[in-house]
Amino acid sequence: MLEKSKDIQKKQTGEIENVEHTRAARIYRPDVDIIEKNDSILLIADMPGVDEKTLDVTLEKDVLTIYGRVDIDKPENLELIHGEYGTGDYQRTFIISNEINRDGIKATVKNGVLQLLLPKGEVAKTKKIPVQAEK
Amino acid sequence: MLWVRGFDTPFSEFNPWANLLRLEDEMNRVLSGFTFPSVSEFPPVNIWGNEHEAVVTAEIPGIDPKDIEISITGRTLVLSGNREPETIKEDETFHRKERWYGKFTKSIELPFSVDSEKVEAKFSRGILTIKLPRAEADKPKKITVKST
């Protein structure tokens with residue numbers, strides 16, 4: 001098996017569509033896996049520090065936005081000696097296609113990982129079209 | 001550079017107070033998070049400390065806390081575990097695959113020896129926090145000089 005590099009990087013997002021944020025926190029772009037299944041699309045996002053209370057998933061027209069708020073949890077009376085990651089909020093936006101059944105979207109979060117299940121509507125499920133022989 | 005950004009825009013009106021506020025905003029933005037070299041081996045850790053204790057935090061989202069192994073020998077803390085990859089069926093495909101997965105072992109050199117009996121670890125929302133009190137024997141001792 002090909003060994004994947006262990007080096008990881010927390011990416012900071014650029015200004016999102018010129019929207020200014022009112023919180024003076026950094027905004028990171030969470031790493032995601034998107035898996036296309038037969039009847040749904042599964043989106044998995046790494047958002048350490050986020051739970052169900054601090055996570056917002058919004059859908060406006062075709063734009064799906066995930067936003068996770070992380071409060072900076074600096075240990076008291078201690079100084080940072082070595083730092084490899086920064087703390088801040090998460091945001092990422094996706095465009096979803098028409099085939100998604102908007103009413104059926106489910107979001108769960110566990111151990112800092114968001115799972116979004118986007119079911120496909122009836123219309124979009126793979127349909128077999130019978131081919132008739134021409135006489 | 002971040003500093004300069006507030007001054008890019010031409011000043012339509014001269015308003016020193018607004019510029020000052022903007023500068024303050026920029027300062028907050030720069031100082032609010034913590035700026036670090038951002039590439040690191042999985043999992044990324046932050047180490048905090050003073051002369052009595054150290055706190056190590058690590059971002060390991062999606063792992064079961066049971067699958068994290070923590071061991072301490074002297075001044076070395078070793079974190080190891082396995083983050084299982086998402087398994088997919090034959091008719092499923094990945095559109096994006098950005099999340100890191102696999103086995104990891106990370107050794108961290110602490111600033112002092114710790115009392116391994118008193119180490120506490122908790123895992124919440126994908127973040128592991130380990131409290132490491134300094135070993136009594138390792139603490140600096142004051143030696144009084146006797147005069148004869």
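Lettering of chains follows the sequences in order, A, B, ..., and the numbering in each one begins at 1.
Put simply, of A:Val109, A:Asp46, A:Val113, the one with the most heavy-atom pairs under 4.5 Å next to chain B is A:Asp46. Chain B forms more heavy-atom pairs under 4.5 Å with one residue of A:Asn77, A:Leu42, A:Ile35, A:Val50 than with any other, namely A:Ile35. Top candidate by heavy-atom pairs under 4.5 Å with chain A, chosen from B:Pro111, B:Pro61, B:Gly126, is B:Pro61. When each of B:Asp91, B:Thr93, B:Ile47 is checked for heavy-atom pairs under 4.5 Å with chain A, B:Ile47 comes out on top.
Counting heavy atoms from C-beta on, the side chains of B:Arg99 and A:Ile44 come closer than 4.5 Å.
Checked options B:Thr129, B:Leu128, B:Asn46, B:Leu132; the residue passing with B:Val56 is B:Leu132 (criterion: side-chain contact (heavy atoms from CB on, under 4.5 Å)). Screening A:Asn38, A:Asn101, A:Asn98, A:Ile41 against A:Lys120 for a side-chain contact (heavy atoms from CB on, under 4.5 Å) leaves a single residue, A:Ile41.
Heavy atoms from other residues, nucleotides or ligands lying under 6.0 Å from NZ of B:Lys139 number more than 12. Counting heavy-atom neighbours within 6.0 Å of B:Glu109 CD, excluding the residue itself, gives a total above 12.
Using a 4.5 Å cut-off between heavy atoms, B:Ile108 does not touch chain A at all. B:Glu51 does not touch chain A: none of its heavy atoms, backbone or side chain, sits under 4.5 Å away. Interface remark: A:Val32 contributes backbone and side-chain atoms alike to the contact with chain B (heavy atom separation under 4.5 Å). When heavy atoms are compared at a cutoff of 4.5 Å, A:Leu43 does not approach chain B at all.
Listed in order of number, the residues of residues 69-84 of chain B that approach chain A to under 4.5 Å between heavy atoms are B:Arg83.
The heavy-atom pair separating A:Ile66 from A:Pro30 by the smallest distance is CD1-CG, 4.2 Å.
Side-chain contact check for A:Tyr85 and B:Thr57: at least one donor-acceptor pair (N or O, by modelled atom type) lies under 3.5 Å.
Using cut-offs of 30° and 60° for the angle between ring planes, the A:Tyr28 and A:Tyr90 rings count as tilted.
Using a 4.0 Å cut-off between charged nitrogen and carboxylate oxygen, A:Glu84 and B:Lys106 count as a salt-bridge pair.
Considering only residues two or more places apart in sequence or on other chains, A:Ile95 meets the side chain to side chain contact (heavy atoms under 4.5 Å, CB included) condition with A:Asp62, A:Val63.
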